[in-house]
Amino acid sequence: MEGNRSMPPEHKHNPALLIGIGVAVALLGGYFGVCAWVGQADQVMPNVSVSGVDVGGLSKQQTTQQLSSAYEQASFALDLSYGTWNNTLSQTAWQLQAEESSQLAWKAGREHFLTQGALYLAHLLGKSEQVDAVLEWTEEGLSSFEQQMDEADLQVGGGLTHASYAVEGDQLMLTKGVTGVTVDREQAKTLLEQSAADALTQSLSSGTEQPTSVTLPSHESGPQAPDFEDMHQQLYRVAENASVDPETHEVVPHVVGLDFDVNEAKSLYDQA
């Protein structure tokens, strides 16, 4: 008996499915192309501003020039207060880092390769983004800051007393310092940097100088312990008997020696 031979069924391709896959691949490839183009383009994305200055569509060089020009026209100052103490830091305490600010503007929307294409299209449709200009302390600004913080602590300080020492006869007298309340300088610097950036934005956005008030933060500040090794080097003297100078025949007075055990001094200081 002859068996029946069966043929495998023919697989029919769905034209609509193939077209859909082709379109999806083309769109995906196009989107990757947009992402790549956005990543290498020199222009800042549309509707991006730096501290109120619109730099959208400008090249990095143009953005740097635009920001430098705008900063020269800006005018701002910070009114500082700490208890009953008040003073002012002017705009000259900072300088604009125009190129670094320009780079930040260019990076807006370009944080990730796969999203920068979509963000570029969103910016074209009206999405906006603002970044702060980068300000850096000048040497004059830092010197003025430190001087003003010293004044504030002197006027309003909460009793901070540093450790001290003195030699009385044959004894080394150590006086411990007292913890007090002072300006938190590190936190104050960070606060002033952000306040300066905000004041710059207000000035550039409105075209007028806006007074910006800043209340300085405080913290408990402990006195520094003496540097016992340095103290020993400063005070140590070898005892010498009185003598007669053989050339001048003058009497050279004796020298009282001075020495102390550094570890013992540290221990007594800690126990006090």
Side-chain angles (χ1 to χ4, degrees), residues 34-80 87-113 115-149 185-214 216:
V34 171
C35 291
W37 176 80
V38 170
Q40 59 83 36
D42 185 53
Q43 285 73 29
V44 176
M45 285 195 180
N47 297 312
V48 172
S49 60
V50 178
S51 293
V53 179
D54 184 8
V55 294
L58 299 182
S59 67
K60 294 179 185 177
Q61 182 178 1
Q62 291 171 329
T63 299
T64 300
Q65 295 171 348
Q66 181 90 336
L67 294 177
S68 297
S69 177
Y71 191 72
E72 291 177 359
Q73 305 301 318
S75 178
F76 68 89
L78 304 182
D79 295 332
L80 313 184
N87 215 320
T88 302
L89 271 179
S90 67
Q91 181 179 342
T92 57
W94 293 273
Q95 59 188 1
L96 173 71
Q97 301 299 299
E99 291 187 2
E100 190 174 344
S101 300
S102 173
Q103 182 66 15
L104 284 180
W106 181 86
K107 285 183 177 180
R110 292 182 165 95
E111 288 78 9
H112 303 287
F113 176 82
T115 60
Q116 61 189 12
L119 288 172
Y120 175 76
L121 297 176
H123 276 266
L124 284 176
L125 296 175
K127 175 180 170 59
S128 62
E129 188 169 351
Q130 176 166 287
V131 297
D132 286 337
V134 179
L135 299 178
E136 190 172 279
W137 290 88
T138 61
E139 288 188 14
E140 175 189 349
L142 281 176
S143 176
S144 178
F145 168 78
E146 293 295 344
Q147 181 181 355
Q148 293 191 29
M149 297 306 98
R185 302 198 182 194
E186 287 304 313
Q187 188 177 346
K189 281 182 66 176
T190 301
L191 178 61
L192 292 173
E193 288 165 3
Q194 184 57 56
S195 297
D198 294 340
L200 174 61
T201 299
Q202 289 182 355
S203 174
L204 294 177
S205 299
S206 64
T208 58
E209 180 175 341
Q210 301 290 332
T212 301
S213 300
V214 182
L216 299 176

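Computation of the quantities below employed the complete heavy-atom set of this structure, encompassing side-chain atoms and omitting hydrogens, waters and symmetry-equivalent molecules.
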Inset, instruction - Run the salt-bridge test on Arg185 and Glu146 with the 4.0 Å N-O cut-off and return the result as yes or no. - result: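 A salt bridge is present here (some side-chain N lies under 4.0 Å from a carboxylate O).
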So [Y] and [X], do their side chains get closer than 4.5 Å, heavy atoms only?
X: Pro46; Y: Tyr120; value: yes
X: Leu200; Y: Tyr71; value: yes
X: Val38; Y: Met45; value: yes
X: Leu104; Y: Val134; value: yes
X: Lys189; Y: Leu142; value: yes
X: Met149; Y: Leu216; value: yes
X: Leu204; Y: Val50; value: no
X: Leu58; Y: Gln65; value: no

Inset, instruction - Could you tell me the separation between the CG atom of Asp132 and the CD atom of Gln194, rounded to the nearest 0.5 Å? - result: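 Those atoms lie 5.5 Å apart.
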Inset, instruction - Would you give the length of the straight line joining atom OG of Ser49 to atom CD of Glu129, rounded to the nearest 0.5 angstrom? - result: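 Result: 9.0 Å between the selected atoms.
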How close do [X] and [Y] get, heavy atom to heavy atom, and via which atoms?
X: Ser51; Y: Ala197; value: OG-O, 4.5 Å
X: Ala105; Y: Thr63; value: CB-CG2, 4.5 Å
X: Ser205; Y: Gly52; value: OG-CA, 3.7 Å
X: Ala70; Y: Val53; value: CB-CG2, 3.8 Å
X: Thr92; Y: Thr138; value: O-OG1, 3.0 Å
X: Leu78; Y: Ala196; value: CD1-N, 4.1 Å

Say whether, by atom type as modelled, one donor and one acceptor occur between the side chain of [X] and the main chain of [Y] under 3.5 angstrom.
X: Glu111; Y: Gly109; value: yes
X: Ser143; Y: Glu139; value: no
X: Ser101; Y: Gln97; value: yes
X: Ser128; Y: Asn47; value: no
X: Gln116; Y: Cys35; value: yes
X: Ser102; Y: Ala98; value: no
X: Gln148; Y: Phe145; value: no

Inset, instruction - Can you label the angle between the Trp94 ring and the Trp137 ring as parallel, tilted or perpendicular, going by 30° and 60°? - result: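 Rings of Trp94 and Trp137: tilted, 30 to 60°.
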Legend entry - side-chain contact (heavy atoms from CB on, under 4.5 Å), paired with Ser195, selected from Leu89, Leu80, Val214: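 With Ser195 as partner, Leu89, Leu80, Val214 yield a single side-chain contact (heavy atoms from CB on, under 4.5 Å), made by Val214.
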Inset, instruction - State, without any angle test, whether Gln202 and Asp198 hold a side-chain donor-acceptor pair at a distance under 3.5 Å. - result: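 Side-chain D/A pair, Gln202 to Asp198: absent.
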Inset, instruction - Answer yes or no: are there more than 12 heavy-atom neighbours, outside Glu99 itself, under 6.0 Å from its atom CD? - result: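 Atom CD in Glu99 is not packed in, count stays at 12 or less.
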